[in-house]
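In what follows, a structure is listed as structure tokens, so that the remarks can point back to it.
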Amino acid sequence: MKSKPKFETLAIKSIENKFMDSKPVSTPIYLSSTYERNEDGTYNNNFIYARLNNPNRMILEQSIAQLEQGKHAYAFSSGMAAISAVFQSLKTGDHIILPDDIYYAINKLVDEVFIRWNLTYDLVDMCDLKAIKNAIKPATSLIWIETPSNPQLKISDISEIAKMAHKNNIICAVDNTWATPVLQNPLKLGADIVMHSTTKYFGGHSDVIGGCIVVNNNKIAKKIKAIQLLSGAVPSPFDCWLITRGIQTLHLRVTKQSENAIKLATYLEKHPKIEKVHYPGLESHSQYSIARKQLKNGFGAMISVLIKGNEAAAIKISTNLNYFTTATSLGGVESLVEHRKSVEGENSSTPFNLLRISVGIEHIEDLIEDWEQALQK
Ligand code: PLP
């Protein structure tokens, strides 16, 4: 160069990453959207453009694959984006079987978006193997399981349903959001696809939205990867970083939250103002034996209760609580409570008196005392 660079050029070129060879213990956040080529035209680690891949997403995907004991993991910008990728991998005109107690936005997604794919579906009670068998049609290509289900905590037998699916040449997918790999590994039980809303327990602090798909089968993996890269519903490096940071305490949090949840569920079950408690760790749960077989290290941190009285009484109790924030979502360190039907809308089959509880890591005595005062008022 003949002349010294001017201010404008310096403002760009004086900023240089000189620390490539240092070894930070905590993972850095690589916000760069693009990566420099080597002189021979190659790219180190195959990082070219951040939508295609980037260090934070790769670190996250490799971690989730290991935790779910799967070969391939793909991160998405939300749980719904991950689910959409699975539906997009199907053929037009396919039929899918969905749980009758599924996260409400998923059948809405088929009704309002995948209708143009001509995807049809039946809502089936996934606790009833006969009902699932009867719902299978020649065009059925996917059985979707959500266990425990949202919001009524139904438990379905993953290995039995996966066997039935495979006998009929059908893919079996499991939404493992509520169990997490701390409690349940669906791929080990025979499922082909595991999906997570990483917004929940993986993130763990209610400050990030994300999703992922984990698979072993290379053919399914290729389809999901193409959808991830080309549709582009990918999480930002910062979101990936937040979720990987959450993963480091996932086991501690889920174990503690599950311990708190079973104590709270046991207390609530005996309370005269509670009509019914849905929690798979209670012997009164109708699929308790499957839950014991399938869930390891605890029964999860979600509880649903039916309050004696009308809808207004249920809502009133939720707002009487001090340590349970009335908000949607779940899986964070803080306890939340929600009147579910009013969130799900008119077509919801959720009981009018159901409150959904996400149990956090607070002291259990405080949480029980809070319910005691809220139910007394
Ligand atoms: N699956 C389950 C079981 C959920 O509870 C949710 C959200 O609450 C989702 C999927 C959707 O995930 P996201 O909100 O990250 O898109």
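For the single chain, residues carry numbers from 1 onward in sequence order. Heavy-atom basis, side chains included; hydrogens, waters and symmetry copies ignored. Counting starts at 1 for both ligands and their atoms, in listed order. All values derive from a computational prediction rather than experimental measurement.
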### Query
Less than 4.0 Å between a side-chain N and a carboxylate O, is that true for E338 and R356?
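Yes.
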
### Query
Hey, is K91 close enough to D94 for a salt bridge, meaning N to O under 4.0 Å?
yes

### Message
Please evaluate residues N353 and K341 with respect to the criterion side chain to side chain donor-acceptor pair (under 3.5 Å), reporting the C-alpha separation (whole Å), side-chain torsions for both, the decisive distance (0.1 Å), and the verdict.
### Response
CA-CA 8 Å; N353 56 342; K341 195 176 175 74; over 6 Å; no

### Query
With hydrophobic residues grouped by side-chain heavy-atom distances under 4.5 Å, do Y201 and I243 end up in a single group?
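Linked within one cluster.
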
### Task
For W144, check ring-ring contact (aromatic ring centres under 6.0 Å, His included) against everything at least two apart and list the hits.
F87

### Message
For G41, is there any backbone N or O sitting under 3.5 Å from a side-chain donor or acceptor partner on N38?
### Response
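Not at all, since once roles are kept as given, no pair shorter than 3.5 Å links the two residues.
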
With the criterion set at N/O pairs under 3.5 Å, what does the list of contacts between the protein and ligand 1 look like, atom names and distances included?
{"unit_1": "ligand 1", "atom_1": "1 (N)", "unit_2": "D175", "atom_2": "OD2", "d": "2.6"}
{"unit_1": "ligand 1", "atom_1": "5 (O)", "unit_2": "N150", "atom_2": "ND2", "d": "3.0"}
{"unit_1": "ligand 1", "atom_1": "5 (O)", "unit_2": "W178", "atom_2": "NE1", "d": "3.4"}
{"unit_1": "ligand 1", "atom_1": "8 (O)", "unit_2": "K200", "atom_2": "NZ", "d": "3.0"}
{"unit_1": "ligand 1", "atom_1": "12 (O)", "unit_2": "S197", "atom_2": "OG", "d": "3.1"}
{"unit_1": "ligand 1", "atom_1": "15 (O)", "unit_2": "G79", "atom_2": "N", "d": "3.0"}
{"unit_1": "ligand 1", "atom_1": "15 (O)", "unit_2": "S197", "atom_2": "OG", "d": "2.8"}
{"unit_1": "ligand 1", "atom_1": "15 (O)", "unit_2": "T199", "atom_2": "OG1", "d": "2.6"}
{"unit_1": "ligand 1", "atom_1": "16 (O)", "unit_2": "G79", "atom_2": "N", "d": "3.0"}
{"unit_1": "ligand 1", "atom_1": "16 (O)", "unit_2": "M80", "atom_2": "N", "d": "2.9"}

